[in-house]
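Predicted model, so just to flag it, every value in this text is computed and none were measured. Ligands are counted one by one from 1 in listed order, and the atoms in each one are counted from 1 as well.
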Amino acid sequence: GFAEPAGNNDSKAQDVVRRLKEETSNDKVEFLYCDLASLTSIRQFVQKFKKKKIPLHVLVNNAAVMMVPQRKTRDGFEEHFGLNYLGHFVLTNLLLDSLKAAGRPGRTARVVTVSSATHYVGELRLRDLHGSRCYSPHGAYAQSKLALVLFTYHLQRLLAAQGSPVTANVADPGVVDTDLYRHVFWGTRLIQKMLGWWAFKTPDEGAWTSVYAAVTPDLEGIGGRYLYNEKETKSLMLTYDRDLQRQLWAISCQMTGITDVTQDTLLG
Ligand SMILES: NC(=O)c1ccc[n+]([C@@H]2O[C@H](COP(=O)([O-])OP(=O)(O)OC[C@H]3O[C@@H](n4cnc5c(N)ncnc54)[C@H](O)[C@@H]3O)[C@@H](O)[C@H]2O)c1
């Protein structure tokens, strides 16, 4: 198969490509630049990807920032909401036709979206999604991860209603020793350094639930699940609220210029 990591860090990515080629003896690994904090960059990435005419079997929505100071993406969205959530919302929507073309009954294409246990304490502020009234870095991160769960469930319902050979699930990696914590209070980072080996998963272990969601035959044709340690788990009660899923989807379409097909696809 073909592996196509996308991200916004060229030199890091080239290193990953080299290692993937070495470790897997697969030469078909390529990096394409995509800055999820820019709608223009996402559109350019999708165009470049589609030109390559490679089938898209799996899309893993993994990138994120955490607890960054209040700042905006290129398009004026609050950074957590814009990058972590809207970036993946747009990327997924623009790649849906490729996923649908690659999926087959019995071998569905898969969208795996990485959320976090932080979503359990998240609140969705529909009237102030960009946190302009009262900003908290933790609240903004939690909201973005909550939005990704609502997004996945709505997407799964749309795909199922269309009879598309594509599924959408959420992966929760657990607590993993990565650079994500670089904006967190120094005391917490010190604990991460001291107890990391004991309390945190390694990045390899952290990736496992996403890989499981991407490839396991157990999930063939199954979507709309929240997975933690390779098992289905309940997400926050609120995430099952279809009206809320629908509202968030509609607002996200308005914000990003994606066509909302909900009305035509889902009745009632
Ligand atoms: N580390 C944890 O404990 C933990 C816990 C729960 C959930 N998660 C989730 O796991 C996922 C991976 O995080 P991680 O812990 O590996 O953190 P990380 O900081 O090591 O990785 C984040 C990745 O996102 C990419 N990225 C950042 N901004 C980008 C942009 N504008 N455009 C494109 N790519 C961009 C970075 O290049 C990096 O590769 C995230 O979705 C995170 O929310 C992590």
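- In terms of protein heavy-atom proximity, atom 18 (P) of ligand 1 is nearest to L180 N, 3.9 Å.
- Of the N or O atoms in D172, none lie within a sub-3.5 Å distance of an N or O in ligand 1.
- Summarising the local packing, CZ of R242 is surrounded by 12 or fewer heavy atoms from other residues, nucleotides or ligands at distances under 6.0 Å.
- In terms of polar-atom proximity, K145 is counted as a contact of ligand 1, with an N or O under 3.5 Å from an N or O of the ligand.
- In terms of protein heavy-atom proximity, atom 39 (O) of ligand 1 is nearest to K12 NZ, 3.8 Å.
- Checked against a 6.0 Å centroid threshold, the rings of H88 and F151 do not count as neighbours.
- For CZ of R107, the number of neighbouring non-hydrogen atoms (other residues, nucleotides, ligands) closer than 6.0 Å is 12 at most.
- When hydrogens are left out, the protein atom nearest atom 37 (O) of ligand 1 is N8 OD1, 3.3 Å; that is the closest non-hydrogen contact.
- The environment of K50 atom NZ is dense: over 12 non-hydrogen atoms of other residues, nucleotides or ligands sit within 6.0 angstrom.
- Expressed to the nearest 0.5 Å, how far NZ of K72 lies from CD of E79 amounts to 12.0 Å.
- Nearest to atom 21 (O) of ligand 1 among the protein's heavy atoms is A64 O, 4.9 Å.
- Residue-ligand proximity, C34 to ligand 1, at heavy-atom distances under 4.0 Å covers atoms 32 (N), 33 (C).
- Only the backbone of S115 comes within 4.0 Å of ligand 1, judged by heavy-atom distances.
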**Report entry** Step-by-step side-chain contact (heavy atoms from CB on, under 4.5 Å) determination, R110 to T216
**Finding:** CA-CA 11 Å; R110 302 182 182 194; T216 181; 4.1 Å; yes

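- Cation-pi geometry between K48 and Y33 is not met at under 6.0 angstrom from the ring centre and within 45 degrees of the axis.
- Residues L148 and H119 form no side-chain contact, since every pair of their non-hydrogen atoms from C-beta on lies 4.5 Å or further apart.
- Residue P203 does not touch ligand 1, judged by heavy-atom distances below 4.0 Å.
- The residue among S116, G174, A117 with a heavy atom at the shortest distance from atom 5 (C) of ligand 1 is G174.
- Near A63, the atoms of ligand 1 lying under 4.0 angstrom from a non-hydrogen atom of the residue are 24 (O), 25 (C), 26 (N), 34 (N), 35 (C), 41 (O).
- In terms of protein heavy atoms, atom 40 (C) of ligand 1 is closest to N62 O, 3.1 Å.
- Contacts between Y141 and ligand 1 below 4.0 angstrom, taking non-hydrogen atoms only, involve the side chain exclusively.
- Annotation: side chain of T262 is in contact with side chain of L158 (closest heavy-atom distance under 4.5 Å).
- Atom 16 (O) of ligand 1 has T178 CG2, 3.7 Å as its closest protein atom, hydrogens excluded (heavy atom only).
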Requested in this report: Test L159 against L96 for side-chain contact (heavy atoms from CB on, under 4.5 Å), laying out the working first.
Outcome: CA-CA 9 Å; L159 292 166; L96 272 184; 4.1 Å; yes

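- For D15 and K12, the salt-bridge test fails: no basic side-chain N is under 4.0 Å from an acidic carboxylate O.
- When each atom of ligand 1 is checked for a heavy atom of V175 under 4.0 Å away, the hits are 3 (O).
- With a heavy-atom cut-off of 4.0 Å, M66 does not touch ligand 1 at all.
- In this structure, atom 1 (N) of ligand 1 lies nearest to the protein heavy atom V176 O, 3.0 Å.
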Report task. Determine, step by step, whether H80 and Y85 satisfy the ring-ring contact (aromatic ring centres under 6.0 Å, His included) criterion, reporting the C-alpha distance in whole Å, the side-chain angles of both residues, the deciding distance to 0.1 Å, and the verdict. Result -> CA-CA 7 Å; H80 296 92; Y85 168 64; over 10 Å; no

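- Regarding atom 8 (N) of ligand 1, its nearest protein heavy-atom neighbour is P173 CG, 3.5 Å.
- When heavy-atom distances to ligand 1 are checked against a 4.0 Å cut-off, L83 comes that close only through its side chain, counted from C-beta outward.
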